Number of protein chains: 2
Amino acid sequence: MSAETKVQILDAAERLFAEHGFGDTSLRAITTQAKVNLASVNYHFGSKKQLIQEVLQRYLTVLMPAVDDELQNLLRRQPSPDVGQVFSCLVKPLLSLNLVHPDGTAIFVRLLGRGYSESQGHLRKYITFHYGAVLRAFVHAVHLAVPQLSPAEIFWRLHFAIGTFVFTMASSKALSEIALADYDQEVTVEGIIARLMPYISAGVGAPGTEVSPHPLMDIA
Amino acid sequence: MSAETKVQILDAAERLFAEHGFGDTSLRAITTQAKVNLASVNYHFGSKKQLIQEVLQRYLTVLMPAVDDELQNLLRRQPSPDVGQVFSCLVKPLLSLNLVHPDGTAIFVRLLGRGYSESQGHLRKYITFHYGAVLRAFVHAVHLAVPQLSPAEIFWRLHFAIGTFVFTMASSKALSEIALADYDQEVTVEGIIARLMPYISAGVGAPGTEVSPHPLMDIA
DNA sequence: ATAGATTTCAAACTGTTGTTTGAATTGGTT
DNA sequence: AACCAATTCAAACAACAGTTTGAAATCTAT
């Protein structure tokens with residue numbers, strides 16, 4: 001029954017973390033919802049911090065290799081991809097999280113948003129450390145798609161894209177409610193992702209403006 | 001000396017809120033940094049919640065009327081603006097916050113990011129209630145710039161843009177450090193905003209794709 | 001069936017949070 | 001100078017956080 005308890009904790013934790021954030025979700029709230037004893041979190045995971053890590057890990061170990069596969073597939077059949085194609089490599093892997101877990105895509109992507117804005121760069125470092133190769137492959141593919149942009153420009157644009165994505169997903173619940181009330185739109189995660197792609201593709205692929213980062217030095 | 005204490009609390013609070021978020025900043029941390037007594041927060045502001053509100057208010061009362069002015073100026077001399085011109089209406093008002101307060105732009109925009117992702121829609125409602133007219137004026141201007149997009153599509157794109165903006169600014173400190181280390185770029189808030197503009201303009205102005213929000217209904 | 005390891009449980013512990021209290025101090029007005 | 005209101009202050013408050021404890025219960029393997 002050990003595995004049972006661990007899974008119940010992870011399932012309850014990911015939902016509460018996604019909805020209220022890591023800091024504002026207490027272990028008591030998690031164990032109550034998971035119907036397990038309070039102490040079992042520390043018994044099975046050691047600490048709250050490690051619980052958070054395992055919650056994210058469960059998704060990352062599925063997502064990242066899938067993204068890597070998609071990228072390799074794309075570049076094999078299309079050595080000069082466009083931006084839309086590169087970003088589309090994220091779609092299927094993201095949606096496949098729905099098969100791993102009901103509502104998995106939405107939950108993971110909200111967790112990602114929380115992790116990026118709450119953990120002061122902790123999550124970023126974790127991903128960079130454990131999945132650096134996949135990240136580099138992705139950046140490389142983007143570079144193939146928009147070779148006219150400098151590496152620095154690509155760096156910024158990619159983080160803009162992450163921001164667009166992560167923020168939208170973190171607020172997706174509220175946004176969906178507004179869309180339903182104001183525009184009679186029933187919204188799904190797939191729908192939001194589909195709407196995001198043109199925006200991100202156009203943004204990342206926008207004409208480069210190698211802005212001087214030292215406006216005052218133009219005078220000197 | 002009353003005004004003195006209030007201002008010191010607000011100044012310390014906005015910096016700590018911007019850096020660590022609202023939930024993870026204790027009143028004790030604020031009062032220590034402000035060099036005032038712990039109880040003075042409740043004396044002058046009533047509660048932590050109201051302190052947060054006043055911190056944001058101090059900026060919104062400067063920013064929003066300025067944005068309104070810029071929008072009216074633009075539409076008067078350019079009844080059919082493009083997307084870039086509309087979003088440029090945000091730039092000067094945002095940078096003017098730097099005059100109100102040292103580093104005001106960066107602080108405010110980080111607060112905005114925190115508020116949007118942490119306060120579960122509380123901030124959004126506050127802004128909508130108090131500055132609904134300015135928001136509508138902005139949406140109207142965007143509609144003039146991209147009349148081919150449906151109101152629903154504009155709604156989504158604007159929130160994508162907010163996400164891009166707010167997330168970038170919330171992580172601007174970390175991003176600036178990376179940019180400096182990896183690309184030898186000294187980065188300022190002005191520089192980031194300048195880089196953001198082409199991305200957001202291209203994203204919001206991207207060709208519309210009125211995606212079916214009910215993918216399964218296509219089959220039925 | 002019994003011994004030993006694993007897991008659960010209620011309870012307590014330690015630290016921190018926002019808030020309140022009532023006395024001490026300060027400021028302005030007459 | 002004397003009074004009253006406004007402000008500051010140290011201290012305590014209750015609620016809640018994550019974690020630890022040691023005994024009870026359960027499972028596993030001989």
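Each chain gets a letter, A, B and so on, in the order its sequence line appears, and its residues count up from 1. No experiment lies behind these values; they were computed from the predicted model shown.
- With hydrogens and angles ignored, the 3.5 Å screen pairs no side-chain donor or acceptor of Lys35(A) with any backbone N or O of Gln8(A).
- Here the C1' atom of nucleotide dC9(C) and the CD1 atom of Ile9(A) are 13 Å apart, to the nearest Å.
- Remark: P of dT17(C) and NE2 of His20(B) are 12 Å apart, rounded to the nearest angstrom.
- Atom-to-atom, CZ of Phe45(B) to C1' of dT19(C) comes out at 16 Å; the value is rounded to the nearest Å.
- Taking the six-membered ring where the residue is Trp, Tyr199(B) and Phe160(A) present perpendicular rings, their angle passing 60° and hence far from 30°.
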message: Using a 4.0 Å heavy-atom cut-off to protein, can you give one letter per nucleotide of nucleotides 17-24 of chain D, 5' to 3': B if the base is in contact, S if only the sugar-phosphate is, - if neither?
response: BBBBB---
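- For His44(A), a side-chain nitrogen or oxygen approaches OP1 or OP2 of dT8(C) to under 4.0 Å.
- Within the structure, a side-chain polar atom (N or O) of Thr5(B) is placed less than 4.0 Å from OP1 or OP2 of dT8(D).
- Partners of Ala106(B) under the side-chain contact (heavy atoms from CB on, under 4.5 Å) rule, at least two apart in sequence or in another chain, are Asp103(B), Arg110(B), Val189(B).
- There is no side-chain donor-acceptor pair under 3.5 Å between Tyr43(B) and Thr5(B).
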- prompt: Based on Watson-Crick and G-U pairs with both distances under 3.5 Å, what dot-bracket line describes DNA chain D 5' to 3', crossing pairs as [ ] and inter-strand pairs as |?
  reply: |.||||||||||||||.|||||||||||||
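- In this view, Phe165(B) satisfies the ring-ring contact (aromatic ring centres under 6.0 Å, His included) rule with no residue, not counting sequence neighbours.
- Contact annotation: Asn37(B) reaches the phosphate of dA10(D) (side-chain N/O to OP1 or OP2, under 4.0 Å).
- Rounded to whole Å, atom C1' of dT7(D) lies 14 Å from atom CD of Gln8(B).
- Counting only residues at least two apart or in different chains, side-chain hydrogen bond (donor to acceptor under 3.5 Å, both in side chains) contacts with residues 19-31 of chain B comprise Glu19(B)-Lys173(B).
- Side-chain contact between Gln57(B) and Tyr126(B) is present, with heavy atoms from C-beta onward closer than 4.5 Å.
- By the salt bridge (charged side-chain N to carboxylate O under 4.0 Å, His left out) test, Lys92(A) pairs with Glu70(A), sequence neighbours left out.
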